[in-house]
Peer 1: 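One structure follows; several queries about it will come next.
Ligands are counted one by one from 1 in listed order, and the atoms in each one are counted from 1 as well. We number each residue from 1, following the sequence as shown.
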Amino acid sequence: MSDTLNGSCACGLVKFVLVDAKRNIINCHCHTCRKLNGGAFSSYIAVADDNFKLHEGQDVLTRYVVTENVDKHFCRVCGTPIYNKNRKYPGLIIVPLGALDEVGQMRPTVNIYCDSKLSWVAMQGDTRDYPQGMTD
Ligand SMILES: [Zn+2]
Ligand SMILES: [Zn+2]
């Protein structure tokens, strides 16, 4: 099985590939991610910078400075979030799960910012859960 995952934005102008993606999905329950992505929580897959290959759409990829540590990169035509960079996690690109074309059987292994989790969001019970950011 290939470890390559294809991704794209909703309008199709941005296309990328994740190479050797570790299949670890992190759910973030923080307020900022709710604002940025519009969902009750946000699921991400993190890969090394070198393993994110942008194939098309460099000209429409736009950056929004969220905080002094976090930049959001999105398609300025359709608004699809493509990846985040966080200075607290140098060398990593954090890709929203929805930007991937096929999610398959990948399951979340970690929940962060559970202090901000909405009460009706059910937990799987087999994840590592942190009240704030990851501490190990
Ligand atoms: Zn787009
Ligand atoms: Zn978050």
Side-chain angles (χ1 to χ4, degrees):
M1 191 183 85
S2 166
D3 275 340
T4 298
L5 299 173
N6 294 310
S8 60
C9 64
C11 77
L13 289 175
V14 177
K15 289 187 169 37
F16 65 89
V17 168
L18 304 185
V19 182
D20 290 334
K22 277 198 297 181
R23 306 304 176 93
N24 287 331
I25 297 172
I26 295 173
N27 291 333
C28 185
H29 299 268
C30 82
H31 295 291
T32 304
C33 287
R34 267 200 285 280
K35 283 286 184 196
L36 291 177
N37 299 322
F41 60 92
S42 297
S43 302
Y44 299 102
I45 183 166
V47 299
D49 284 335
D50 289 346
N51 292 342
F52 178 94
K53 313 284 189 197
L54 187 67
H55 283 183
E56 292 177 34
Q58 182 68 64
D59 53 329
V60 294
L61 210 49
T62 302
R63 184 175 66 123
Y64 171 65
V65 179
V66 181
T67 68
E68 62 180 9
N69 285 322
V70 177
D71 293 341
K72 171 182 177 170
H73 300 252
F74 62 97
C75 173
R76 71 176 152 81
V77 176
C78 68
T80 300
I82 302 297
Y83 67 88
N84 295 341
K85 289 290 292 175
N86 188 330
R87 280 169 200 85
K88 289 185 195 166
Y89 308 112
L92 284 182
I93 280 196
I94 300 154
V95 179
L97 202 62
L100 298 175
D101 295 340
E102 284 184 34
V103 175
Q105 299 304 309
M106 292 186 289
R107 288 169 59 85
T109 55
V110 174
N111 286 279
I112 58 174
Y113 290 93
C114 293
D115 282 355
S116 311
K117 184 176 81 64
L118 300 183
S119 61
W120 51 264
V121 173
M123 303 293 268
Q124 297 163 247
D126 58 351
T127 52
R128 282 187 293 140
D129 303 330
Y130 299 86
Q132 301 281 318
M134 283 178 73
T135 50
D136 55 14

Peer 1: Just checking, is any N or O donor in the side chain of D115 or Q132 under 3.5 Å from an acceptor N or O on the other one?
Peer 2: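 On atom types as modelled, these side chains qualify, holding a pair under 3.5 Å.
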
Peer 1: Where the Zn ion (ligand 2) is the centre, what is the SG-to-SG angle for C33 and C30, rounded to 10°?
Peer 2: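 So the angle at the metal works out to 110°.
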
Peer 1: How about F52 and F16: are their ring centroids closer than 6.0 Å?
Peer 2: yes

Peer 1: Can you give me the SG-the Zn ion (ligand 1)-SG angle for C11 and C78, to 10°?
Peer 2: 110°

Peer 1: Taking atom types as modelled, find out whether N84 and H73 have a side-chain donor-acceptor pair closer than 3.5 angstrom.
Peer 2: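 The answer is no; no qualifying pair exists.
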
Peer 1: Is it true that some N/O/S atom of H29, main chain or side chain, lies under 2.8 Å from the Zn ion (ligand 2)?
Peer 2: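 It does not: H29 brings no N, O or S atom closer than 2.8 Å to the Zn ion (ligand 2).
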
Peer 1: Would you please say whether a donor-acceptor pair under 3.5 Å links the side chains of Y44 and N37?
Peer 2: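 A pair is found: one side chain offers a donor N or O, the other an acceptor, under 3.5 Å apart.
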
Peer 1: Would you say C28 has an N, O or S atom lying under 2.8 Å from the Zn ion (ligand 2)?
Peer 2: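 Yes - counting backbone and side chain alike, C28 has an N, O or S atom under 2.8 Å.
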
Peer 1: Is any side-chain N of the basic residue among D126 and R107 closer than 4.0 Å to the acidic one's carboxylate O?
Peer 2: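 Looking at D126 and R107, the cut-off is met.
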
Peer 1: Angle at the Zn ion (ligand 1) between SG of C9 and SG of C75, to 10°?
Peer 2: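 Seen from the Zn ion (ligand 1), SG and SG are separated by roughly 110°.
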
